[in-house]
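Structure record follows, encoded as structure tokens.
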Amino acid sequence: MHMQTFSKMAAFVVFNDVECVFSMSGQYGRAQRVLYYALILFVIGFRRQDWLTAGAAAACLIYGGTTAIHALLLAPSLALAKSSIADGIVTHTNGSNIFVKALATDLDTDATLAIVGTGFLIVVPMALWSAQFRHSGAVPILVLWIILMFVGMLCSMAVLYGVNGSGTGPLLQHRFCTPGYNETFPFSDDPAPLVNNNWNETVWTYFANSTMNPPSCIYPCLSATYFLRQPGDLHVVKFVEIEAPSPLYWGMYILAAIIWSCVPLTIIFSITILMLRIRGHCSTSSSIPLHSRPLSLKLRGLNYLVMVLNFYGKLLIPFVFVIFLIWAEWILSYDLQSEEMQLVGQWAPLVGAGLVLVAAFIGKYWRRG
């Protein structure tokens, strides 16, 4: 059937104001993230009490490590879900042409960046402040974990900045609706029946049969699929873009500028300090006195390097960590969550952590015999 036949029958309006997203997975919910942050700080604060922190450290290693591997899987596709239908043109009833490129994005990318970035940035002060780091039997495990966090962070940053997420980018999607009808968001449903794998014919056929279909909208992006997600996880949400002169825009812009100017330095300094600690150099003071004779230029430079690293790690890295955490959680506050706090998947890990803590105290102080 040709468009001339449909033209007198079909009526629809076009909006370009939504995006399709896979909601954040339950393991990255707010409660899970807060527990992870708290456990990392707990391990650092009580690092001398192995009996108390062993379980928390293992939980951090497992949660952070699996998240980093998830980031590795997301990176090759930039976390973009695509439709099996080729990009095409839909001709509007007024004769204009609308280019349709059905895409969806996975919101787990924001959560993976927050988790691996937090894990990586907070480990550096731990390495600097812990006098027992060099003598710990867990050094090889910790170094491998830091490397995994580093690679995961690079993958997460590549996904975040590899796709234009603004209103001029591909994530802004079209919807075709019955005149006068408006959807409530977030919205999730099966995609419209496809006709000849062609967007133009699909849209015109759907609205030409308006007597059989109730008032509704067609969302091409709902046809997108992703190998890490089930089709039912896909939702349509209103596209949110914060623009100048909004205070939120400038606030986020300033935070991002601080992070992306300091994080590369933090990465370089992190790798350097870890290498120095593994080779046996101290970080709380210069490993060789500056007044000793003879003192080569190389040794003097090494001492100054350790002093600079010590200053950077103790004063600037905690600042960068806090700024990064605020920025990451700010972004996550706009993301669609798959689980609310009252669901067992969110509060159960908190209860579990509390039970492990109680068990640790009982095992330590329970009087035997």
Side-chain angles (χ1 to χ4, degrees), residues 1-25 79-108 163 165-241 334-340:
M1 189 176 291
H2 300 287
M3 295 305 107
Q4 291 85 349
T5 307
F6 285 145
S7 60
K8 296 181 180 180
M9 304 168 56
F12 58 87
V13 292
V14 183
F15 299 96
N16 189 29
D17 59 353
V18 297
E19 64 176 322
C20 280
V21 299
F22 289 100
S23 57
M24 194 182 304
S25 299
L80 290 179
K82 301 180 180 180
S83 174
S84 59
I85 304 179
D87 306 339
I89 300 293
V90 173
T91 303
H92 195 264
T93 51
N94 61 12
S96 61
N97 291 327
I98 298 98
F99 179 72
V100 175
K101 181 181 179 68
L103 287 176
T105 187
D106 192 338
L107 294 181
D108 282 348
V163 179
S166 70
T168 60
L171 298 183
L172 182 61
Q173 294 286 299
H174 290 92
R175 58 186 174 115
F176 303 87
C177 300
T178 305
Y181 178 79
N182 202 7
E183 202 78 70
T184 301
F185 298 104
F187 172 80
S188 180
D189 200 357
D190 295 328
L194 303 176
V195 178
N196 296 330
N197 281 334
N198 181 281
W199 288 123
N200 197 42
E201 293 189 38
T202 296
V203 171
W204 278 88
T205 300
Y206 184 86
F207 289 104
N209 298 327
S210 57
T211 56
M212 300 175 58
N213 297 319
S216 58
C217 294
I218 288 181
Y219 302 92
C221 58
L222 280 179
S223 64
T225 57
Y226 196 52
F227 75 103
L228 291 175
R229 292 296 198 123
Q230 301 179 68
D233 295 336
L234 195 56
H235 294 77
V236 181
V237 297
K238 291 288 287 186
F239 187 87
V240 178
E241 184 175 17
Y334 290 93
D335 289 349
L336 183 65
Q337 308 282 330
S338 62
E339 292 185 358
E340 299 297 332

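Residue indices begin at 1 and follow the sequence shown.
Using a 30° and 60° split on the angle between ring planes, Tyr219 and Phe187 fall in the tilted class, from 30° to 60°.
Side-chain contact check for Val163 versus Pro170: some heavy-atom pair is nearer than 4.5 Å. At least one side-chain heavy atom of Asp108 sits less than 4.5 Å from a side-chain heavy atom of Met24. Using a 4.5 Å cut-off on side-chain heavy atoms (C-beta onward), Phe12 and Tyr206 make no contact. In this structure, Phe207 and Thr202 have side chains that are not in contact, with every pair of non-hydrogen atoms separated by 4.5 Å or more. Taking 4.5 Å as the limit, some side-chain heavy atom of Leu171 sits within range of a side-chain heavy atom of Leu80. Using a 4.5 Å heavy-atom threshold, the side chains of Asn97 and Val90 count as separate. No side-chain heavy atom of Phe22 sits less than 4.5 Å from a side-chain heavy atom of Leu336. With a 4.5 Å cut-off on side-chain heavy atoms, Lys238 and Asp17 count as touching.
Atom CG of Asn200 is separated from atom NE2 of His92 by 11.5 Å, given to the nearest 0.5 angstrom. Atom CG of Leu234 sits about 9.5 Å away from atom CZ of Arg229, to the nearest 0.5 Å. Atom OG of Ser166 sits about 9.0 Å away from atom CG of Leu172, to the nearest 0.5 Å. Atom OG of Ser83 is separated from atom NZ of Lys101 by 10.5 Å, given to the nearest 0.5 angstrom. Taking CD1 of Ile218 as the start and OG1 of Thr178 as the end, the distance is 8.5 Å to the nearest 0.5 Å. Interatomic distance, OG of Ser216 versus CD of Glu183, reported as 7.5 Å (0.5 Å rounding).
What you find for Cys221 and Ala104 is that their closest heavy atoms are O-CB, 4.5 Å. Across every non-hydrogen atom of Pro220 and Val100, the tightest pair is CB-CG1, 3.7 Å. Residues Pro179 and Ala11 come closest through the heavy atom pair CD-O, 3.4 Å. For the residue pair Ala81 and Tyr226, the shortest heavy atom distance occurs at CB-CB, 3.7 Å.
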(Q) Set out, in order, the CA-CA distance, both residues' side-chain angles and the distance that settles side chain to side chain contact (heavy atoms under 4.5 Å, CB included) for Thr105 and Glu19, then state yes or no. (A) CA-CA 8 Å; Thr105 187; Glu19 64 176 322; 4.3 Å; yes
Q) Going through the distances and angles, do Phe176 and Cys217 end up as a side chain to side chain contact (heavy atoms under 4.5 Å, CB included)? A) CA-CA 5 Å; Phe176 303 87; Cys217 294; over 6 Å; no
Q. Which is it for Val18 and Phe239 under the side chain to side chain contact (heavy atoms under 4.5 Å, CB included) test, yes or no, and what are the steps along the way?
A. CA-CA 5 Å; Val18 297; Phe239 187 87; 5.7 Å; no
Q.
Run the side chain to side chain contact (heavy atoms under 4.5 Å, CB included) test on Leu194 and Trp199 for me, step by step, so that the C-alpha distance in whole Å, both residues' side-chain angles and the decisive distance to 0.1 Å come before the verdict.
A. CA-CA 8 Å; Leu194 303 176; Trp199 288 123; 4.0 Å; yes
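Under 3.5 Å, the side chains of Ser23 and Ser338 contain no donor-acceptor pair of N or O atoms.
Taking the six-membered ring for Trp and the full ring otherwise, the centers of Phe185 and His235 sit at least 6.0 Å from each other.
The backbone N or O of Ser96 sits less than 3.5 Å from a side-chain atom of Asn94, completing a donor-acceptor pair.
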